[in-house]
Amino acid sequence: MSVIILPNRLNKQPQYAAPIDYAGLGKGIRILWNPAAGPVDLATGRVWSTGGNAAIARGRKGHVFTFDGADDYYGYTGYPEITGNVGSFFIWCPTVGAADTYGHALFGASSPVAFAHQINPAMQVHIGSSPPSNGTLPSWFNTRNRSLVLVSGGTAATCRAFLDGKDSGLTWPGAPAAWGPGNKNFNLGRYVGGTSWDFDGTILIAGHTEKIWGDAESRAFHDNPWQLFKVSPKKLWKSSGTIHYLTAEAPVQANFGDMRAVAQDNALVGSASTQNGTGSAGPLIQDQALAVAPVAQTSTSSADGPITRNQVLAVVSNAQVNSSNTGAVTQAWMLIVPGQTQGQACSVPTITQTHIIVATAPTQENKSTTGVLHIDSGSLEAESAVQRNAAGAAIIMQAHILIVSFPSQGSKAGTGAVSDGIVVESALSTGVAPMLRIKKPGIPAGTPEWLKTMIELLTGRRGNRIMPPAFRALTFSAVPTRTECEALYAYTNDVRIAVERIITRLDS
């Protein structure tokens, strides 16, 4: 068994300038605000100025930026490195107030080009001062606990809006405005210089990334926005028994995620590895391919009965002879070591034989004039064993059980790339074994109200029950298609999200 380590994800707002997880959800972050660390961009260290009545206050989910809807903002002039119109803007709002004259401008600037992420009073969405969306959001103003992700791939067709972690389905008739080189006069909470686009509400976390977020990233951000930050991993549990470690020299791993798929490239250069497997209860299954010397086989039948054989032989000078006149011959063999010869003969009745053979130089020969002969290839290594079966007619059937002692396996990688191909979890194809449901016990009378409330929340009795995703039957072609891989990743994401929700509830 191996040591299992899960990342120690933050479930609450870090009260310090936590490092950004650039290898995870925070990949490509160019601007990121955490009000608990002040009005500072954690990606660059730039401190933004405060305007109007904008302030930092304590909220139910942590520190927040507060805006009263009357020309409050946080601003900065700079960021010449941000250009173009490709990227994602994300924001998490514990409270959203009433609309201003032109709705809410969440993030904007007036020069060097007009640019704003805006929701107008009709709840149409503008991405980077693009034309309003063809449809509208189902809700926004005067609500609570809302997350919004606005995505642009540079064209109208690539624009998307995710509300509370779900694709809103909105489309746009035109592309967003593009930033050119030079400084920008950015404002968070309003359109620069205007008094009719001011945001009313609170902001828990917000930022801009050059990456194009999709369903998975937007859903993860809504469920736990603190995944943007990086902390050290921790061991979830450690099994008893033998532990296997992988030691490699200069391992390199790259992960890339677009809107729907995740691709992973691994290049490992490892030193010599040794593997020992020990099974106490469950089975050990090992598949081996052995390179051996030539195997010769001949089958002959003088009557009309078929001969059926299944063999796994890897031998030197191996031959077998079977002859049948009438009746049936059935054989089961266990071959262990050298030095045995056997012969059987029957004219009419059935012969049933079970052999435990210690043989050298095995020889096999099959002769058939009529009927069917099936020959398989194999991997047995033995010496000088000879066996002969003779029957008048009918069927000869043979089943071989081969036992070898003390197999060992060694794996060694030089400087080439090691690829583990495609791994499909068995539970994805077989499903989860049904479990007997036990009726939940009642809460004893006299339990304090606070304890009763906590028990009901933990056990899902307050309408907050967490259900794992339904089982999906997944099939894969010999060469998996993109559709098959996308189905696997979608199902894996659903399972991961359900598990993270359970861990979040238990940690809370």
At their closest point, which heavy atom of Ile205 faces which heavy atom of Trp33, and how far apart are they?
CG1-O, 3.2 Å
Is the Trp226-Phe221 ring centre distance short of 6.0 angstrom?
no
Verify whether one side chain among Glu484 and Ser477 offers a donor that lies under 3.5 Å from an acceptor in the other.
yes
Return the OG to CZ distance between Ser88 and Arg30, rounded to the nearest 0.5 Å.
13.0 Å
Tell me whether the centres of the aromatic rings in His104 and Phe141 are closer together than 6.0 Å.
yes
Does any non-hydrogen side-chain atom of Pro14 lie less than 4.5 Å from one of Asn34?
yes
Could you tell me which non-hydrogen atom of Ala114 sits nearest to which non-hydrogen atom of Tyr191, and how far apart they are?
CB-OH, 3.9 Å
Output the distance between atom CZ (Phe107) and atom CZ (Phe90), rounded to the nearest 0.5 Å.
10.5 Å
Above 12 or not: heavy atoms from other molecules or residues under 6.0 Å from CZ of Arg60?
no
Is the backbone of Gly75 close enough, under 3.5 Å, to the side chain of Ser49 for a donor and an acceptor to pair up by distance?
yes
Any side-chain heavy atom of Cys159 sitting closer than 4.5 Å to one from Ser130?
no
Output for pair (Glu449 CD, Leu451 CG), nearest 0.5 Å, gives 10.0 Å
What do you reckon, are the aromatic ring centroids of His208 and Phe89 less than 6.0 Å apart?
no
Thr77 side chain near Lys184 side chain, heavy-atom distance below 4.5 Å:
no
To the nearest 0.5 Å, atom CG of Leu170 lies from atom CG of Leu150 at 9.5 Å
Measuring from atom CZ of Arg219 to atom NZ of Lys166, what distance do you get when rounded to the nearest 0.5 angstrom?
8.5 Å
Side-chain donor-acceptor contact under 3.5 Å, Thr171 with Asn134
yes
Compute the centroid of each ring, for Trp179 and then for Phe115, and state whether the two points are separated by less than 6.0 Å.
yes
Mind telling me whether Trp48 and Tyr79 have parallel, tilted or perpendicular rings, with 30° and 60° as the class edges?
tilted
Would you find a donor on one side and an acceptor on the other, under 3.5 Å apart, between the side chain of Asn187 and the backbone of Tyr73?
no
If we ignore hydrogens and angles and just use 3.5 Å, is the side chain of Gln118 paired with the main-chain N or O of His126 as donor and acceptor?
no
Determine the minimum heavy-atom distance between Asn185 and Ser110, stating which atoms define it.
ND2-OG, 3.2 Å
Is there a donor in the side chain of Thr202 and an acceptor in the side chain of Thr95, or the other way round, less than 3.5 Å apart?
yes
Look at Asp215 together with Arg160 and state whether they make a salt bridge at an N to O cut-off of under 4.0 Å.
yes
Is there a side-chain hydrogen bond (donor to acceptor under 3.5 Å, both in side chains) between Asn224 and Glu500? Walk through the geometry before answering.
CA-CA 9 Å; Asn224 181 8; Glu500 288 182 347; over 6 Å; no
Check for a donor-acceptor pair, side chain of Asp100 on one end and backbone N or O of Asp198 on the other, with a separation under 3.5 Å.
yes
With a 3.5 Å distance limit and no angle check, can you tell me whether Ser152 reaches the backbone of Val86 through a side-chain donor-acceptor pair?
no
Those residues that, when tested against Asp21, pass side-chain contact (heavy atoms from CB on, under 4.5 Å) (two or more places apart):
Ala23, Lys230
Is the side chain of Asn11 donor-acceptor paired with the backbone N or O of Thr504 at a distance under 3.5 Å, no angle test?
no
Side-chain donor/acceptor of Glu210 to backbone N/O of Lys27, under 3.5 Å:
no
Rounding to 0.5 Å, atoms CG (Leu25) and CD1 (Ile20) come to a distance of 11.0 Å
Can a salt bridge be assigned to the pair Asp200 and Arg190 using a cut-off of 4.0 Å between side-chain N and carboxylate O?
no
Distance-only, no hydrogens or angles: does the Thr66 side chain make a donor-acceptor pair with backbone N or O of Ala57 under 3.5 Å?
no
